[in-house]
Amino acid sequence: MSKLLDRLFAVIDKRAEAGARKTAQKFGRRSFLAKAGVALAGAAVMPLLPFDRSLGGAAMAAGMDSVEDQNDCQYWRHCALDGSLCATSGGTMTSCPPGSEASKVSWVGTCRNPNDGKDYLVAYNDCCGKAAVESATTCFRSEGERPGYRMGLHNDINWCMANTQKGYHCTVSMVVGMADA
Ligand code: ABN
């Protein structure tokens with residue numbers, strides 16, 4: 001009887017040992033280090049992954065508006081634009097036409113986007129160094145403007161003044177942030 005019990009205990013011992021080895025392999029120190037290594041490598045790569053810098057709502061809302069809307073002086077983003085629309089002058093609403101360069105200084109207005117009812121900061125950069133095109137759409141909108149004797153508060157100004165090439169060509173409208181609520 002005692003021999004039988006000895007055998008039984010031996011079998012139980014073996015099984016317990018095998019189980020313990022398996023568990024150690026699965027959750028052991030090496031396995032932990034390997035997993036931690038993968039997690040750390042992942043964390044290091046995370047900042048390289050793309051993320052949304054597009055001011056989400058504003059970009060999405062602009063996508064909802066047709067080019068025809070955007071080329072109209074009454075388009076919401078042009079609420080403080082005094083100049084010619086670059087999109088009608090060989091460029092786009094946000095990029096200068098080839099052969100011209102963006103002004104180093106700009107006028108910033110606050111415009112309400114009717115698509116989401118929020119106020120956005122819009123920078124108006126002039127594009128410089130190329131002759132103006134007569135057929136371009138010219139807008140005179142001055143929301144938030146103050147009289148001309150306070151230059152920083154007045155938007156009827158050639159923002160190419162700080163560039164080497166000071167000749168005005170057209171103006172782009174870029175959403176640069178959200179206005180405080
Ligand atoms: N910011 C457009 C502009 C250019 C020249 C003169 C007045 C206004």
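Scope of the values below: all heavy atoms of this structure, side chains included, with no hydrogens, waters or symmetry mates. By convention here, the first residue in the shown sequence is residue 1. One-based numbering, in listed order, for ligands and for the atoms of each.
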Among all protein heavy atoms, pick out the one at the shortest distance from [atom]; state its residue, atom name and that distance to 0.1 Å.
{"atom": "atom 3 (C) of ligand 1", "answer": "Ile157 O, 3.3 Å"}
{"atom": "atom 6 (C) of ligand 1", "answer": "Asn158 N, 3.9 Å"}
{"atom": "atom 7 (C) of ligand 1", "answer": "Asp156 OD1, 3.2 Å"}
{"atom": "atom 2 (C) of ligand 1", "answer": "Asp82 O, 3.0 Å"}

Check: Cys86 and Ser95 side chains under 4.5 Å, non-hydrogen atoms: no
Within the structure provided, determine whether Lys130 and Gln165 are in side-chain contact (heavy-atom separation under 4.5 Å).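 Result no, sub-4.5 Å side-chain heavy-atom pair not found.
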Looking only at the side chains, is there a donor atom on one of Asn155 and Tyr124 sitting less than 3.5 Å from an acceptor on the other?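 No - no donor-acceptor pair under 3.5 Å links their side chains.
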Could you list which atoms of ligand 1 come closer than 4.0 Å to a heavy atom of Trp159?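 Counting from 1, the qualifying ligand atoms are 1 (N).
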Looking at Cys73 and Cys139, is the distance between their SG atoms under 2.5 Å?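 Cys139 pairs with Cys73 as a disulfide (SG atoms under 2.5 Å apart), so yes.
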Is there a path of hydrophobic side-chain contacts, each under 4.5 Å between heavy atoms of I, L, V, M, F, W or Y residues, that connects Val172 with Tyr168? no
